[in-house]
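See below for the structure under consideration.
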Amino acid sequence: MKFHVMTLFPEMIEQGLHTSILGRAMDAGIISLSTVNIRDYSEDKHRHVDDYPYGGGAGMVMAAEPIAKCYEDICAGGPKKRLIYLTPWGRVFNQDMAKELAKEEELVFLCGHYEGVDERVLSRYVTDPVSIGDYVLSGGELPAMVMIDAIARMVPGVLTNEESGETESFENNLLEYPQYTRPEVWRGEAVPEVLLSGHHANVDRWRTERSIDRTLMYRPELLAGAVLDKKAKKYYNEALAAQKRADDEASKNEK
Ligand code: ADE
């Protein structure tokens with residue numbers, strides 16, 4: 001799979017993505033990355049890519065033409081590729097989107113800066129406006145890197161079998177269970193005994209229950225989409241009831 005990134009800071013993208021699992025996948029030729037500097041498409045003698053906003057207001061707006069030229073160059077000689085524009089007003093990115101986008105052979109990312117990008121180039125070419133969360137960043141580079149990491153992990157062959165197992169657990173809408181490594185006792189705190197027992201069924205059960213606890217605590221809205229077996233469902237109902245009793249108790253004490 002090939003990722004193209006249109007940006008004013010290509011070195012930021014290159015440095016961030018050539019490491020760890022993605023670096024390994026690039027070396028193996030499973031994925032590739034091509035960064036293009038939008039400034040190279042400026043026709044201005046000072047290489048400007050932005051201008052004042054019509055209607056007034058603070059900041060600068062990235063002009064349509066350098067971006068259009070850059071994208072047309074990336075698509076030259078082939079079909080139009082899906083174009084993802086990183087913006088706080090886009091659809092919020094999640095694991096399902098990562099999985100779906102990983103089916104594409106090529107993807108193009110547009111990283112904006114300044115106060116925005118001329119709407120005419122966005123409406124002409126952008127297929128997917130995407131946000132990585134409800135906060136405002138200084139540019140689209142970090143969001144593009146976040147998306148490329150999550151998408152690349154879903155491309156067959158990028159993760160080893162062992163690594164893919166880890167992702168599946170989140171795909172069932174449950175958060176990761178707690179992990180422990182040596183030493184067995186750290187500053188007086190021991191590892192949960194069940195993990196030392198060698199009893200795989202009990203370890204699995206313990207991990208599912210801790211995942212349910214954690215999801216209930218931090219992301220309860222995810223649980224509606226989780227597929228739980230009978231025992232897990234029973235545990236979930238009990239944990240939910242216990243949580244409700246604790247909440248009721250707390251609000252009673254407030255009064
Ligand atoms: N650009 C600035 N903030 C962003 C966000 N939260 N997601 C995607 N792109 C952005």
Side-chain angles (χ1 to χ4, degrees), residues 1-41 62 66-88 90-113 117 121-122 125-133 137-173 175-176:
M1 173 167 197
K2 181 154 192 181
F3 298 99
H4 302 263
V5 185
M6 302 195 276
T7 169
L8 292 172
F9 302 99
E11 67 293 340
M12 185 175 169
I13 306 279
E14 297 281 352
Q15 280 171 13
L17 293 178
H18 280 278
T19 48
S20 186
I21 291 175
L22 265 64
R24 183 184 72 194
M26 284 188 229
D27 291 343
I30 307 165
I31 56 168
S32 67
L33 175 69
S34 162
T35 53
V36 195
N37 195 334
I38 298 167
R39 208 174 288 284
D40 292 344
Y41 291 84
M62 284 174 77
I67 293 171
K69 283 231 175 71
C70 183
Y71 176 65
E72 285 155 5
D73 218 14
I74 290 169
C75 296
K80 286 261 174 315
K81 303 178 207 318
R82 217 156 148 181
L83 174 58
I84 296 160
Y85 172 51
L86 289 314
T87 170
R91 258 177 75 206
V92 180
F93 189 54
N94 62 23
Q95 191 69 38
D96 286 342
M97 284 161 79
K99 237 169 138 178
E100 192 250 326
L101 289 165
K103 293 179 189 147
E104 300 287 331
E105 247 165 59
E106 297 188 61
L107 286 174
V108 187
F109 292 82
L110 169 60
C111 305
H113 261 266
V117 173
V121 71
L122 298 180
Y125 286 136
V126 170
T127 54
D128 305 76
V130 180
S131 163
I132 61 158
L137 298 165
S138 312
E141 281 74 15
L142 287 170
M145 286 156 73
V146 166
M147 285 189 69
I148 292 169
D149 189 302
I151 295 165
R153 292 168 58 84
M154 295 292 100
V155 172
V158 168
L159 297 184
T160 61
N161 282 344
E162 209 172 300
E163 288 161 350
S164 340
E166 298 292 309
T167 309
E168 276 159 22
S169 66
F170 183 68
E171 281 173 2
N172 186 23
N173 277 26
L175 303 182
E176 273 297 319

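If you read the sequence from its start, that first residue is 1, and numbering goes on from there.
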Under a 4.5 Å cut-off applied to non-hydrogen side-chain atoms, are [X] and [Y] in contact?
X	Y	result
L101	M154	no
V5	C111	yes
I132	L137	yes
L17	M26	yes
L8	M62	yes
I74	E106	no

Does any N or O in the side chain of [X] come within less than 3.5 Å of the main-chain N or O of [Y], such that one atom is a donor and the other an acceptor?
X	Y	value
Y71	K81	yes
R24	V158	yes
T127	L83	yes

Can you measure from [atom1] ([X]) to [atom2] ([Y]) and round to the nearest 0.5 angstrom?
X	Y	atom1	atom2	answer
F9	L142	CZ	CG	11.0 Å
E100	N94	CD	CG	10.0 Å
I38	C70	CD1	SG	5.5 Å

Are there over 12 heavy-atom neighbours, none belonging to R91, within less than 6.0 Å of that residue's CZ?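 No, the 6.0 Å shell around CZ holds no more than 12 heavy atoms from other groups.
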With respect to F93, which candidate in I84, I151, D128 satisfies the side chain to side chain contact (heavy atoms under 4.5 Å, CB included) definition?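 Going through I84, I151, D128 one by one, the side chain to side chain contact (heavy atoms under 4.5 Å, CB included) with F93 is satisfied by I151 alone.
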